[in-house]
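All heavy atoms count here, side chains included; hydrogens, waters and symmetry mates do not.
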Amino acid sequence: MDGGSDGRWIAADESGWDGEALFQPTEPYLTIGSVAIDDGDADTVLALLRRDAGVEQAGELKFNHFARGRDRRRLEVLAGALRPGGMLAGRASIFMIDKRFFVAAKIIDLLLEEHAHKNGIDLHADDQARRYAQKLIEEGPRALGAPMFDEVIRVFVRFAGIRNRGQALVEVAELFGVLDAAERRSRRRAVTDILSMLLRCRAQADELQKTMLEPDFLLAMEPLIPAMPAVLNEWSRQIGPASLLMDAHKVLTDDRIDILWKAMTAGHPDFRFLWTGVRPRGLARGDSSDHPSIQLADLVAGAGRAVAHFHDGLTTSTAEVGAALATSVAPLITPHSLIAHDDPARFSLLKESRGHPPTGS
C-alpha cells in the first residue's frame, strides 16, 4: 500500500530492451512505463480494462492483448484510459530512450564530461553536455557519412560495453584511431569541434577502461541503469518521496540494485546531476504475476514503444498500433527522457510530418 515510511509506490516496466545492441534500425527505442498506483487500486483498474476491452484470456493482462490484430475497440479502451480524464490520468508516465541518443550522450558523459569536470568545467550546468549529444545525432551522419558515423557508435558501444573474461574487447588505441579518422573526415564545424575535444580525453578513456573492469562498476552501456533512477526522480519531483517497484529483470540483479542504491543515496558522482532535493525512499524488484501495478506499467511501456515506432516511420504492425495511440500517449512522455530533442509532443506525429496528429485515438 502507498504511504508510510516508503512514501508513494511507483511501479515500472520496460519495453524494447535488447541488451547492448544499441544501434539497431529495427528497434531504436526503449521505453519505461511507470504508474503511481498501489496493487489494490491497480487490480481494480485491470478488471475495468478487461471488462471494457472484452479481454477474457486468463493470466496477466499484457499490452499484446490490446495490440494483437490491431483491434480498434481494445485500442480505444487503452487510449481512453491513458488520455486526460481516463482511469490512469495523472498516474502514468513514459520515460523514452532513443538508443542512438543514449550512445551519443554516453560518449560525452564518460569522456568529455569527465575531462571538463577535472578542469573545473560543469558541462551539465547549462545543459551543454546534452546539446553536444544532440549535435552528434543531428549532424553526425551528414558530417561524417553514415558508415563512418555508425562506426564511431559501434566502436564506442564495444569499448564501454561488455567485458570478455576480464579483458577489453576494444582497446583505447582502437577507439581513438576511429575518433581521429572521424575528426579528419568531418565536414561540419560543430561535429569537428566535438570530435576534437574528445581526442583530448585519452587519459579519461584509459581510466574508464580500468574502472569498468572493477566488479562493482555499473554497466556503462546499459540504459536501464541510469533510467530507473531518473524515473523515480521524476515522480518524486511531482508527488514527493517515493519508492520504485521494478519488474524483475536480469540486468537489475540484487547486487546491482544494491550498488545503484548506494550510488543514488551517497552522492556518487555519476548521479550528482540527477537529484533535485527529494531523496529516494526505496528500490525493489517484483514479479508482474504478483503485482498488478507492474502489469499496468507493462501496458504503459508497450503503448510508448508502439508510438515511438509510429513516430520513426517503421513499417511494422507495432507502428500501426502506435498511430492509434499517439495523441493519448505522447503527453505522457517526460521531457527529461533520453531523446535527441526537448519536445516529446513530436511523438504524436511522424518524424517527417509537418501536418496534424493522427486521428481516431
For the student: nearest non-hydrogen atoms of [X] and [Y], plus distance:
{"X": "Q134", "Y": "I339", "value": "NE2-O, 4.4 Å"}
{"X": "P292", "Y": "A42", "value": "C-CB, 3.7 Å"}
{"X": "V300", "Y": "G33", "value": "CG1-CA, 3.8 Å"}
{"X": "A89", "Y": "G85", "value": "CB-N, 3.5 Å"}
{"X": "F347", "Y": "A308", "value": "CD2-CA, 4.2 Å"}
{"X": "A319", "Y": "F310", "value": "O-CB, 3.4 Å"}

[Y] and [X] side chains, donor-acceptor separation under 3.5 Å:
{"X": "S289", "Y": "D287", "result": "yes"}
{"X": "W17", "Y": "E222", "result": "yes"}
{"X": "R131", "Y": "Q128", "result": "yes"}
{"X": "S288", "Y": "Q295", "result": "no"}

- Query: How far apart are the C-alpha atoms of H311 and L350, what are their side-chain angles, what is the distance that settles it, and do they pass the side-chain contact (heavy atoms from CB on, under 4.5 Å) test?
  - Reply: CA-CA 4 Å; H311 170 68; L350 278 168; over 6 Å; no
Under a 3.5 Å distance rule, please check whether [X] uses its side chain to pair with a backbone N or O of [Y] as donor and acceptor.
{"X": "H309", "Y": "A306", "result": "no"}
{"X": "R130", "Y": "H341", "result": "yes"}
{"X": "S34", "Y": "A12", "result": "no"}
{"X": "E14", "Y": "D247", "result": "no"}
{"X": "S186", "Y": "R188", "result": "yes"}
{"X": "R50", "Y": "Q57", "result": "yes"}
{"X": "S196", "Y": "T192", "result": "yes"}
{"X": "R74", "Y": "A53", "result": "yes"}
{"X": "R142", "Y": "E138", "result": "yes"}
{"X": "D298", "Y": "F63", "result": "yes"}

Checklist line | E56, CD atom: more than 12 neighbouring heavy atoms under 6.0 Å | finding: no
Atom NZ of K106 with >12 non-hydrogen neighbours under 6.0 angstrom: yes
* Verdict with reasoning, I10 to I239, per side-chain contact (heavy atoms from CB on, under 4.5 Å) -> CA-CA 10 Å; I10 309 300; I239 65 176; 3.7 Å; yes
| said: R285 vs D254, test: salt bridge (charged side-chain N to carboxylate O under 4.0 Å, His left out). Steps then yes/no. | reply: CA-CA 8 Å; R285 291 192 305 158; D254 288 339; 2.9 Å; yes
The single option from L82, V45, L332 that satisfies side-chain contact (heavy atoms from CB on, under 4.5 Å) with R91 is V45
Apply side-chain contact (heavy atoms from CB on, under 4.5 Å) to residues L136 and I108 and explain how you reach the verdict. CA-CA 10 Å; L136 283 178; I108 300 301; 4.1 Å; yes
message = Please evaluate residues R189 and D193 with respect to the criterion salt bridge (charged side-chain N to carboxylate O under 4.0 Å, His left out), reporting the C-alpha separation (whole Å), side-chain torsions for both, the decisive distance (0.1 Å), and the verdict.
response = CA-CA 6 Å; R189 180 62 179 272; D193 288 346; 3.0 Å; yes
For the residue pair R100 and Y29, would you count it as a cation-pi contact if the rule is NZ or CZ under 6.0 angstrom from the ring centre and within 45 degrees of the ring axis? yes
What verdict does the salt bridge (charged side-chain N to carboxylate O under 4.0 Å, His left out) test give for R184 and D180, after you've listed the backbone C-alpha separation in whole Å, the side-chain angles of each residue and the deciding distance to 0.1 Å?
CA-CA 6 Å; R184 286 185 281 108; D180 180 65; 3.0 Å; yes
Using salt bridge (charged side-chain N to carboxylate O under 4.0 Å, His left out), reason through K99 and D18 one step at a time and then give a plain yes or no. CA-CA 10 Å; K99 297 174 187 176; D18 51 12; 3.0 Å; yes
